[in-house]
Structures are given as structure tokens and as C-alpha cells.
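Predicted model, so just to flag it, every value in this text is computed and none were measured.
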Amino acid sequence: GVCGGDAVADDCGECGGDGWSCNTANIAAVTGTTLTGDTGELYDSGGPNAGYSSNENYSVTISNGGTEQLQLVFDYFDVEAYSCNYDKLTITDGDTSTDYCNSTGSPGTVTASGSSLTLDWVTDGGGNYGGFHFTWSYLSVVEGCTDATACNYNDQANTDDGSCVA
């Protein structure tokens with residue numbers, strides 16, 4: 001649609017927009033939802049070309065409801081430091097929550113204990129940085145001994161089956 005002058009509404013209905021505000025890879029567009037795809041990607045609100053904004057509070061769960069383990073792989077992470085007191089990404093796996101910011105470093109590769117993780121993204125009123133980007137996929141369950149010190153260690157196993165021998 002036409003918005004007036006030379007401005008045109010983007011796919012999100014935003015005059016002069018770039019289509020990012022409703023993109024499903026934008027945490028701001030999918031907050032409060034569960035992403036059920038077997039693979040996908042997620043960015044902070046600024047997306048691939050900008051930093052995140054102030055005073056954000058977004059939450060999203062990734063879960064396909066299956067039995068395979070969810071894995072996140074971060075290829076970009078730049079979030080205000082200061083012991084994660086101001087801006088942070090919190091990743092919750094069951095009852096365990098871990099905060100990430102530049103003080104902790106990138107989450108890198110995060111493998112869930114099951115098929116679900118919840119991410120909470122909170123920013124304060126200033127000090128905005130580049131943000132984050134990650135992809136996700138699900139790992140096939142390979143049972144075996146996951147204790148690297150055991151004599152029957154299986155480096156292909158991602159689920160311990162209790163068979164480890166000292």
C-alpha cells in the first residue's frame with residue numbers, strides 16, 4: 001500500500017519499513033510464542049544489520065515436542081557486560097537458567113537436556129550493542145557412555161545410558 005509521498009508499506013504494513021518488524025527470525029516479532037520448527041534462526045530485535053534497542057523484554061520458547069535434543073549454535077554475540085546486570089540473554093533448560101552477556105562470553109553451542117529451551121531477552125535504557133544471532137536444530141539421540149574418563153566412553157553418544165565402566 002501507499003503511505004503518502006514516496007513511502008510504501010512493507011510486508012508488515014509499516015510505512016517505509018524493511019519487513020523486519022514481523023520477520024519470524026526477530027525475537028521481538030515472536031515474543032510470547034513457541035517456535036516449533038525443527039530448524040530455524042533467531043536474532044535480537046536489531047536483526048542482521050543493526051544493534052538491539054533499549055528497554056526490551058522478550059521471551060520465546062523453542063520446542064518441537066519431540067524426543068530429540070535441541071541445540072543452539074551462536075555465531076554472533078555482543079551484549080552489554082557489567083556482570084549481566086543491565087542487558088542479558090537468559091537460557092532456561094528445565095529448572096536451570098543461565099545468564100549471558102559480554103562478561104560471560106558467547107553461549108557458543110548450547111545443547112538442551114531435551115527438546116525445549118526458553119530464552120528471555122532483557123535490555124535496560126542504554127548501552128546498546130550488536131546483539132545476537134543463532135541457529136537451532138535437533139540432534140538424533142545416540143545412547144551410550146558419555147563419561148570421557150570411562151573405558152567404554154562413546155564419543156558419538158549424546159545421552160548417557162548408565163553403562164559407563166571406570
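- The aromatic rings of W121 and F132 lie perpendicular to each other, with more than 60° between the two planes, well past the 30° mark.
- E14 pairs by the side chain to side chain donor-acceptor pair (under 3.5 Å) definition with S21, not counting sequence neighbours.
- A donor and an acceptor atom, one from each side chain of S83 and N85, are nowhere located under 3.5 Å apart.
- Atom CG of N152 and atom CG of D161 lie 8.0 Å apart (nearest 0.5 Å).
- If you take OG1 on T111 and OH on Y138, they are separated by 12.0 Å, rounding to the nearest 0.5 Å.
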I would like to know whether L70 and S63 meet side-chain contact (heavy atoms from CB on, under 4.5 Å); could you show each step before the answer? CA-CA 8 Å; L70 173 61; S63 178; over 6 Å; no
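- In terms of modelled atom types and a separation under 3.5 Å, the side chain of D10 and the main chain of G13 share a donor-acceptor contact.
- Legend: residues meeting side chain to side chain donor-acceptor pair (under 3.5 Å) with D11, ordered by chain and number and at least two apart, are absent.
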Begin from the C-alpha positions of S54 and N128 and carry the test side-chain contact (heavy atoms from CB on, under 4.5 Å) through to its verdict. CA-CA 7 Å; S54 298; N128 302 340; 3.1 Å; yes
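- At a cut-off of 3.5 Å, with distance as the only test, no side-chain donor of Y82 or N102 sits close to an acceptor on the other residue.
- Of the possible donor and acceptor atoms, one in the side chain of S115 sits under 3.5 Å from a partner among the backbone N and O of G66.
- Across all non-hydrogen atoms, the minimal contact from L35 to W136 is CD1-CH2, 3.6 Å.
- Side chains of T61 and T34: a donor-acceptor N/O pair is absent below 3.5 angstrom, by distance only.
- Residues C84 and T104 approach most closely at SG-CG2, 3.9 Å, considering heavy atoms.
- With sequence neighbours excluded, no residue forms a side chain to side chain donor-acceptor pair (under 3.5 Å) with T159.
- In this structure, the separation between CG on D78 and OH on Y129 is 7.5 Å, given to the nearest 0.5 Å.
- No donor-acceptor distance shorter than 3.5 angstrom exists from the side chain of T31 to the backbone of A28, with no hydrogens or angles considered.
- In this structure, K88 NZ and T123 OG1 are separated by 12.0 Å, a value rounded to the nearest 0.5 Å.
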Side chains of residues 36-43: which donor-acceptor pairs under 3.5 Å do they make with residues two or more places apart or in other chains?
unit_1: D38; atom_1: OD1; unit_2: N64; atom_2: ND2; d: 2.9
unit_1: E41; atom_1: OE1; unit_2: H133; atom_2: NE2; d: 2.7

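- With sequence neighbours left out, the side chain to side chain contact (heavy atoms under 4.5 Å, CB included) criterion links T24 to V30.
- Heavy atoms from other residues, nucleotides or ligands lying under 6.0 Å from OH of Y76 number more than 12.
- For the pair D99 (side chain) and T90 (backbone), a donor-acceptor distance under 3.5 Å is absent.
- For D124 (side chain) and Y86 (main-chain N/O), no donor-acceptor pair under 3.5 Å exists by modelled atom type.
- Atom CG of residue D75 and atom OG1 of residue T135 lie 6.5 Å apart, to the nearest 0.5 angstrom.
- Between the side chain of N158 and the backbone N or O of E143 there is no donor-acceptor pair closer than 3.5 Å.
- Taking the side chain to side chain donor-acceptor pair (under 3.5 Å) definition, one finds that S59 meets it with D120, sequence neighbours left out.
- Side chain of D93 to main chain of L117: no donor-acceptor pair is present (N/O by atom type, distance under 3.5 Å, no hydrogens or angles).
- Between F134 and V110 there is no side-chain heavy-atom pair separated by less than 4.5 Å.
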